[in-house]
Amino acid sequence: MKELAKNAAPLFLVLYCLIGVFPILQYSYLNHEPFIFALKYVGPLFLLAFLYFYWSNIRYQKLLIKIALMFQVIMKVFFITIMTAGYILLINDLSSKPETTCFSGNVTDKWANSESLLFTDYNFKLKDINTGMVKSLNVTKKDFDQHKIGELYSECFKEGILGIRFK
């Protein structure tokens with residue numbers, strides 16, 4: 001029993017991460033929006049919490065050990081933050097309105113934007129069928145590869161309270 005109590009925190013974190021994978025696999029979303037949301041808003045909170053709990057261990061160590069502990073904290077926070085994206089998708093879905101936003105039009109231009117080291121944005125420029133207006137839209141890699149310029153593209157998404165589009 002004592003051994004279980006000693007290992008409860010790592011076991012809880014592993015379980016937390018494993019459960020967080022299922023919503024990521026269940027939903028379809030655009031341009032890694034849940035991961036960006038997690039890194040932007042949740043990551044700093046995790047980092048502050050971990051630094052608060054680890055600070056007593058870090059501040060009295062030698063420089064090399066401090067660097068190693070800080071690296072360990074950053075890696076843990078990054079991994080846990082990434083796995084939080086599944087929970088963000090669940091919250092986003094459960095709090096979403098039943099309305100959907102549909103995009104439909106001919107693809108007039110398409111481009112991939114890889115400014116980030118972590119991911120590539122795939123984009124279409126659509127000429128709306130009903131209004132004739134030209135709109136830019138982020139799309140999935142699958143849609144980007146399947147549609148050519150001049151083809152009709154149509155897709156509907158729900159948008160949750162966190163601003164993440166999904167289906």
Side-chain angles (χ1 to χ4, degrees), residues 12-53 70-167:
F12 172 75
L13 289 176
V14 168
L15 188 62
Y16 174 84
C17 293
L18 287 175
I19 293 170
V21 168
F22 293 109
I24 293 170
L25 300 174
Q26 178 70 28
Y27 293 98
S28 177
Y29 44 86
L30 294 175
N31 291 339
H32 313 288
E33 287 179 351
F35 298 103
I36 293 168
F37 186 92
L39 289 170
K40 193 174 184 180
Y41 298 109
V42 180
L45 297 175
F46 279 141
L47 183 61
L48 289 173
F50 269 73
L51 286 175
Y52 177 78
F53 288 112
M70 287 300 291
F71 180 74
Q72 180 185 14
V73 166
I74 290 170
M75 292 308 295
K76 284 180 180 178
V77 167
F78 178 76
F79 185 69
I80 292 168
T81 301
I82 291 298
M83 299 321 295
T84 302
Y87 297 101
I88 289 171
L89 281 167
L90 278 176
I91 292 168
N92 194 56
D93 183 16
L94 295 175
S95 62
S96 68
K97 299 173 184 166
E99 303 150 2
T100 58
T101 304
C102 294
F103 302 96
S104 183
N106 292 320
V107 178
T108 59
D109 192 15
K110 64 187 249 184
W111 69 96
N113 187 8
S114 57
E115 293 177 0
S116 170
L117 295 173
L118 299 175
F119 60 90
T120 302
D121 283 336
Y122 299 97
N123 303 284
F124 283 163
K125 196 168 274 191
L126 297 178
K127 184 172 185 179
D128 192 287
I129 292 176
N130 299 324
T131 64
M133 293 178 54
V134 177
K135 299 177 186 177
S136 291
L137 177 67
N138 296 357
V139 296
T140 63
K141 180 170 179 13
K142 180 181 174 186
D143 287 337
F144 185 82
D145 292 339
Q146 285 180 346
H147 292 82
K148 294 179 178 28
I149 294 177
E151 289 184 352
L152 180 67
Y153 175 78
S154 182
E155 194 70 58
C156 294
F157 292 94
K158 289 171 63 177
E159 185 168 340
I161 196 167
L162 301 175
I164 299 170
R165 295 170 291 176
F166 66 96
K167 58 179 179 173

Participant: Got Asn123 and Phe144 here, is their nearest side-chain heavy-atom distance under 4.5 Å?
Facilitator: no
Participant: Could you tell me if the side chain of Ile164 sits less than 4.5 Å from the side chain of Ile88, heavy atoms only?
Facilitator: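 Touching, per the 4.5 Å side-chain cut-off.
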Participant: Is any side-chain heavy atom of Ile74 closer than 4.5 Å to one of Val77?
Facilitator: no
Participant: Is the backbone N or O of Lys125 less than 3.5 Å from a side-chain atom of Asp109, with the two atoms forming a donor-acceptor pair by type?
Facilitator: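 No: the side chain of Asp109 does not pair with the backbone of Lys125.
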Participant: First locate atom OH of Tyr153, then atom NZ of Lys148, and finally report the distance between them rounded to the nearest 0.5 Å.
Facilitator: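 Spacing of OH (Tyr153) from NZ (Lys148) equals 15.5 Å.
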Participant: Go through Lys158 and Lys167 one step at a time and tell me if the side chain to side chain contact (heavy atoms under 4.5 Å, CB included) criterion holds.
Facilitator: CA-CA 6 Å; Lys158 289 171 63 177; Lys167 58 179 179 173; over 6 Å; no
Participant: Could you state the interatomic distance from NZ (Lys135) to OG (Ser104), rounded to the nearest 0.5 Å?
Facilitator: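 Separation between the atoms: 9.5 Å.
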Participant: To the nearest 0.5 Å, what is the distance between CG (Leu89) and CG (Asn92)?
Facilitator: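 Result: 6.5 Å between the selected atoms.
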Participant: Working note: Leu39 + Phe78, criterion side chain to side chain contact (heavy atoms under 4.5 Å, CB included); need CA distance, chi angles, decisive distance, verdict.
Facilitator: CA-CA 8 Å; Leu39 289 170; Phe78 178 76; 4.0 Å; yes
Participant: Of the non-hydrogen atoms in Lys110 and Ile149, which two are nearest, and what is the gap between them?
Facilitator: CG-CG1, 4.2 Å
Participant: Rounded to the nearest 0.5 Å, how far apart are CG of Leu162 and CG of Asp93?
Facilitator: 11.0 Å
Participant: Does any donor atom in the side chain of Tyr122 or Asp143 lie under 3.5 Å from an acceptor atom in the other side chain?
Facilitator: no
Participant: Less than 6.0 angstrom separating the ring centers of Tyr16 and Tyr87, yes or no?
Facilitator: yes
Participant: What is the minimum heavy-atom distance between Ile80 and Leu13, and which atoms define it?
Facilitator: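 That would be CD1-CD2, 3.7 Å.
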Participant: Is the ring centre of Phe157 less than 6.0 Å from the ring centre of Phe166?
Facilitator: no
Participant: I want to check a possible cation-pi pair here: Lys76 against Phe50, using under 6.0 Å from ring centre and within 45° of the ring axis as the test.
Facilitator: no
Participant: Are Val107 and Lys127 side-chain neighbours, meaning at least one heavy-atom pair lies under 4.5 Å?
Facilitator: no
Participant: Measure the spacing between NE2 of His147 and CZ of Phe124 and express it to the nearest 0.5 Å.
Facilitator: 6.0 Å
Participant: What closest approach, in Å, do Tyr27 and Leu90 show between heavy atoms, and which atom pair accounts for it?
Facilitator: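 For Tyr27 and Leu90, the tightest heavy-atom pair comes out as OH-CD2, 3.8 Å.
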Participant: Considering all heavy atoms of both residues, which atom of Ser95 and which atom of Ile161 are nearest to each other, and what is their separation?
Facilitator: OG-CG2, 2.7 Å
Participant: Whether the side chain of Glu155 engages the backbone of Cys102 through a donor-acceptor N/O pair (distance < 3.5 Å, no angle test) should be reported.
Facilitator: no
Participant: Is Gln26 atom CD crowded by more than 12 heavy atoms from other residues, nucleotides or ligands, each under 6.0 Å away?
Facilitator: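 Result for CD/Gln26: open.
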Participant: Could you give the distance from SG (Cys17) to CZ (Phe12), rounded to the nearest 0.5 Å?
Facilitator: 9.5 Å
